[in-house]
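First the structure, in the form of structure tokens, and then the observations on it.
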Amino acid sequence: MTTKRTSGRRKQAFAAVAAVAALLTTAACGGGDSDNGEGSKTGAAGFDAANNKVAQASLAKKGGTLKFGGAQDADSWDTTRGYYGFMWNFARYYSRQLVTGKAEPGKAGAELTPDLATDTGKVSDDGKTYTFTLRDGVTWEDGKPITSKDVKYGIERVWAQDVLSGGPVYLKDVLDPNGEYKGPYKDTSKDKLGLKAIETPNDKTIIFKLPQANSDFPDMLALISASPVRQDMDTKSKYGLKPFSSGPYKFESYSPGKDLTLVRNTNWKQASDPIRKAYPDKITVQFFSDANQLDQRLISGDLDLDINQTGMSPQGRTTALKEHKANLDNPVSGYIRYAVFPQSVKPFDNIECRKAVIYGADHVSLQTARGGPIAGGDIGTNMLPPSVPGSEGQKYDPYEMAGANKSGNAAKAKEALKACGQPNGFKTTIAVRNNKPVEVATAQSLQASLKKIGINAEIDQFDGSQTTGIIGSPSNVKKKGYGIIIMGWGPDFPTVQGYGMPLWDSKYILESGNNNFALIKDKTIDGLFDSYINELDEAKKTEISTEINHKVMEGAYYMPFVFEKFINWRSARLANVYTTDNYSGMYDFVNLGLKSAS
């Protein structure tokens, strides 16, 4: 996931960490509530009732207005440009793809299932050719049929980065690795469908011809950026203000940063859509500049859920845990929060100096700074999120960060310092985003731990909106002496490629917008990614994924803090509600319903 997705998806507030963490610990033990929480008296399903399982599935009724609130608008509602995770989740109301994640809780939600297509694709030519047939009866909001050319054109828009920047470019990289196609707006062919890697022999058939096999290609087709766009309705840079719907809902009104209303697309046919149940008549979103105001509106019952799905702020969380616990879920987010050590900054070119930080850090204190075991997450022990196949969770803990060394191990840290030629410690700088208070608190915790072993770290808070040019520039990182960078990452799609390739593959080291902050140039890791991409057997892919994670951890390039968790609110009105690995522990928006149509 790029930093665009990170920054957009994980806006958090931070206050009174220790007090809140203590409250959360009490809540985890039941907090004195009966029947899973005080809120159960109002008809809420119970604490964690929708976490990887369906709450109130049979109670969903057709009709009513589903009410979202948010502290942040989408980066764009254009299916080509959106990169925030909540946008991808919400966009399935008005856009369809050839394939998509199953509308099921937990891990099953990340499995692909046919959507516009009749199946998940016929694969041939050693994994380089994918053929799909469109379903009967799939239509646009004006009733015209969706064709294979509409799907092709929608994907071609990804190439128009000069006009439609911001979204994921996996399809562009895989289908046109040499950058030969210039996009539909510069296309000289008469029909503007000149991308040779995609063929449309008729209106129902679409064929993808990859120059090189990539076993995650179907996952890329499930991204919102692979949605169809009809050429005559493409308003280019203004498309995000009113996308033309291929799904069960269409835009009625939108005021950026204020509100959004979707209403039924009367030309959508349930018989053509195996995924979407389209329970509500209307879907509204209100945006607030103050996260505390949003939480108050959720708790008061004015809104049903937070569209951003980044967890309640400490103030709202405290109230909700005390008084409305049955309205809360505590999912694992799919993100890992971590420190990373750029090898260009001495002495972190030496693995033993990197290990000294890992052993010297107080991992319990870092977890507390993140919000404790409930709102922060379990102590991170490795770099593969639980939602990614190949993850071993806390079972793989090579530095015993959740075990013997969880409170820090000064003796081991000093051994490592001696081994790296810095027996008396050294000075370094921790880089942290200034718009992420919880990250600043994490940096302060780390600073205090390291001081005890002779590592004096000063903290540099940089402009969080300028990440790409500050920590995303290896030359700037070296110039500033950023030996430790605090960041977080989650999967664009739940595979080791969709999570780890931008972080660990040497091909992804960039002069600007770099995310391989550690500057890992390991031929073994690069080779494992190459093997993964070409491997079609799922079991073998999982094995390779595990091996990549082990190699990354053996290099001590990272110190994970937590496998992140959130406290998220669901109103007592909601039915058919569950979290999904397909959207990093968010509620799956697409089939939410209300218990009453009123």
Looking only at heavy atoms, the pair that brings Phe493 and Asp216 closest together is CE1-OD2, 3.7 Å
Residue pairs meeting salt bridge (charged side-chain N to carboxylate O under 4.0 Å, His left out), one or both in residues 151-161, sequence neighbours left out, come to Asp78-Arg157, Arg157-Asp234
By ring-ring contact (aromatic ring centres under 6.0 Å, His included), Tyr249 pairs with (sequence neighbours left out) Tyr93
Contacts of Thr113 meeting side chain to side chain donor-acceptor pair (under 3.5 Å) (sequence neighbours excluded), chain-then-number -> none
Compile the donor-acceptor pairs under 3.5 Å between side chains in residues 118-125 and protein atoms, sequence neighbours left out, one pair per line.
{"from": "Thr118", "atom 1": "OG1", "to": "Thr133", "atom 2": "O", "distance (Å)": "3.4"}
{"from": "Asp119", "atom 1": "OD1", "to": "Gly121", "atom 2": "N", "distance (Å)": "2.9"}
{"from": "Asp119", "atom 1": "OD2", "to": "Lys122", "atom 2": "NZ", "distance (Å)": "2.7"}

Would Thr79 and Arg96 count as having a side-chain donor-acceptor pair, cut-off 3.5 Å? no
For Trp569, the ring-ring contact (aromatic ring centres under 6.0 Å, His included) test, sequence neighbours excluded, returns His324
Those residues at least two apart in sequence (or on a different chain) that pass side-chain contact (heavy atoms from CB on, under 4.5 Å) with Lys209 are Thr129, Glu199, Ile207
Would you tabulate the side-chain donor-acceptor contacts of residues 252-259 under 3.5 Å, counting partners in other chains and residues two or more places apart, or write 'none'?
{"from": "Tyr254", "atom 1": "OH", "to": "Asp73", "atom 2": "OD1", "distance (Å)": "3.4"}
{"from": "Tyr254", "atom 1": "OH", "to": "Asp73", "atom 2": "OD2", "distance (Å)": "2.6"}
{"from": "Tyr254", "atom 1": "OH", "to": "Trp77", "atom 2": "NE1", "distance (Å)": "3.4"}

- Please examine the side chains of Ile485 and Val477, heavy atoms only from C-beta on, and report whether any two atoms are closer than 4.5 Å. yes
Here the ring-ring contact (aromatic ring centres under 6.0 Å, His included) pairs for residues 211-248, sequence neighbours left out, are Tyr130-Phe217, Trp140-Phe244, Phe208-Phe217
Could you pull out all donor-acceptor pairs under 3.5 Å where a side-chain atom in residues 98-105 meets a protein atom, sequence neighbours excluded?
{"from": "Thr100", "atom 1": "OG1", "to": "Arg92", "atom 2": "NH1", "distance (Å)": "3.4"}
{"from": "Lys102", "atom 1": "NZ", "to": "Glu111", "atom 2": "OE1", "distance (Å)": "3.0"}

Here the salt bridge (charged side-chain N to carboxylate O under 4.0 Å, His left out) pairs for residues 161-173, sequence neighbours left out, are Asp162-Lys186
Applying salt bridge (charged side-chain N to carboxylate O under 4.0 Å, His left out) to Arg135 and not counting sequence neighbours gives none
Hits for salt bridge (charged side-chain N to carboxylate O under 4.0 Å, His left out) against Asp187, two or more places apart or cross-chain, chain-then-number order -> none
